[in-house]
Amino acid sequence: DSYFRALAGWYEKHFGWTVKREWLVKTPGVVFAIAAAVRAFTKEGDAVLLQQPVYYPFSEAIKDNGRELVNSPLKLVNGHYEMDFEDLEQKIVEHQVKLFLLCSPHNPVGRVWTEEELRRVGDLCVKHNVLVVSDEIHCDFTWPGHEHHVFANLDSKYAEISITCTAPSKTFNLAGLQTSNIFIPNRTLRKTFKKAIDQ
């Protein structure tokens, strides 16, 4: 009870995100959770989308589980990176993408995605029935003037397709605890994810 209250209080205070106890699934790490999500929500040969350059275990979780890696590369524009939304939708359609690994804030390019950018991602994924694994482990590291928005908190329809990955490891330098907090509002997705972990 005290553990959940600490989590809920943190996300409510810092991000205005009200989480429910039943949403929480604890895992030994975010990379573990990403790999479990790949196995849970896709089958061998299915396409999983990411945006490179991105933290290298993302691609390993896709390829090592026999899925097709589809990259919608970020664009370097005037010294900072941006999403290519036309390419993103084209790749989703062409490859019949089932799952999108979103890094928010992005590691390593350092972008804190704006609300508008995240809503465009959400609308595309809702439109094409793509689930979103949102790695938000760096959510507490933003410079003044840049606000992190929890993807699942922007719209209830985004929450229904979201697996939000968080952990205390970066914020509090507690990587040795080997614990991450995965929030899945959709009951069916949560049940499927838990089954993949058990397996």
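Everything quoted here is computed from the prediction, not taken from an experiment.
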Rounding to 0.5 Å, atoms OG (Ser72) and CE (Met83) come to a distance of 9.0 Å
Do Ile34 and Val25 sit in the same hydrophobic cluster, where Ile, Leu, Val, Met, Phe, Trp and Tyr count as joined when their side-chain heavy atoms come under 4.5 Å apart?
yes
In short, salt bridge (Lys or Arg N to Asp or Glu O under 4.0 Å) pairs touching residues 128-157 with sequence neighbours left out are Asp123-Lys157
Which distance, rounded to the nearest 0.5 Å, do you find between the CZ of Phe58 and the CG of Leu50?
8.0 Å
If you take all heavy atoms of Leu189 and Ser162, which pair is closest and at what distance?
CD1-N, 4.5 Å
Identify the two heavy atoms, one from Asp84 and one from Pro73, that lie closest to each other, and give their separation to 0.1 Å.
CB-O, 4.2 Å
Counting distance only, does the side-chain N/O of Thr166 pair as donor-acceptor with the main-chain N or O of Asn181 below 3.5 Å?
yes
In the structure I gave you, are the side-chain heavy atoms of Ser180 and Phe32 within less than 4.5 Å of one another anywhere?
no
Donor-acceptor contact present, side-chain Arg190 to main-chain Glu22, <3.5 Å
yes
NE2 (His128) and CD1 (Ile92) are apart, to the nearest 0.5 Å, by 6.0 Å
Where is the tightest heavy-atom contact between Tyr81 and Leu76, given as atom of each residue plus distance?
CE1-CD1, 3.7 Å
For Arg111, the option from His106, Glu82, Glu117 that meets side chain to side chain donor-acceptor pair (under 3.5 Å):
Glu117
Do Asp46 and Leu99 have side chains that get closer than 4.5 Å, going by heavy atoms?
no
Pairwise side-chain contact, Thr42 with Ile62, heavy-atom cut-off 4.5 Å (strictly under)
no
Within a strict 4.5 Å, meaning less than it, do heavy atoms of the Ser104 and Phe151 side chains meet?
no
Does the pair Leu102 and Leu118 meet the rule for a side-chain contact (heavy atoms from CB on, under 4.5 Å), with working shown?
CA-CA 10 Å; Leu102 172 67; Leu118 291 172; 4.0 Å; yes
Side chain to side chain, Leu88 and Leu49, heavy atoms closer than 4.5 Å:
yes
ILVMFWY cluster, Val30 and Phe141 together (side-chain gap under 4.5 Å):
no
Looking at Asn71, is its backbone amide N or carbonyl O close enough to the side chain of Lys91 to form a donor-acceptor pair, meaning the two atoms are under 3.5 Å apart?
yes
Note: Ser59 and Leu69 closest approach over all heavy atoms is CB-CD1, 3.3 Å
What residues join Phe4 in its hydrophobic cluster, counting side-chain heavy atom gaps under 4.5 Å, either direct or through other members?
Tyr3, Leu7, Trp10, Tyr11, Phe15, Trp17, Val19, Trp23, Leu24, Val150, Phe172, Leu174, Leu177, Phe183
Going from CD on Glu160 to CG on Leu131, what distance comes out if it is rounded to the nearest 0.5 angstrom?
11.0 Å
Going by the rule side-chain contact (heavy atoms from CB on, under 4.5 Å), which residues pair with Glu68 if we only count those two or more places apart in sequence or in a different chain?
Ala47, Val70, His95
I want to check something: taking the side chain as every heavy atom from C-beta on, are Leu124 and Val130 in contact at a cut-off of under 4.5 Å?
no
Please give me the minimum heavy-atom distance between Tyr158 and Arg119, naming the atom from each residue.
OH-O, 3.1 Å
What closest approach, in Å, do Lys127 and Glu89 show between heavy atoms, and which atom pair accounts for it?
NZ-OE2, 2.9 Å
Count the heavy atoms belonging to other residues, nucleotides or ligands that lie under 6.0 Å from CG of Asp198, then report whether that count exceeds 12.
yes
Following the transitive rule for hydrophobic clusters with a side-chain heavy-atom cut-off under 4.5 Å over Ile, Leu, Val, Met, Phe, Trp and Tyr, establish whether Val48 and Val93 coincide in one cluster.
no
Verify the neighbour count for atom CD of Gln96: are there more than 12 heavy atoms of other residues, nucleotides or ligands below 6.0 Å?
no
With rounding to the nearest 0.5 Å, note down the distance linking NZ in Lys75 to NE2 in His80.
9.5 Å
Heavy-atom count check: over 12 atoms from other residues, nucleotides or ligands less than 6.0 Å from Glu94 CD?
yes
Close side-chain approach of Cys165 to Ile137, heavy-atom, < 4.5 Å
no
Taking atom NE2 of His149 and atom CD of Glu116, what is their separation to the nearest 0.5 Å?
11.0 Å
Got Asn186 and Ile161 here, is their nearest side-chain heavy-atom distance under 4.5 Å?
no
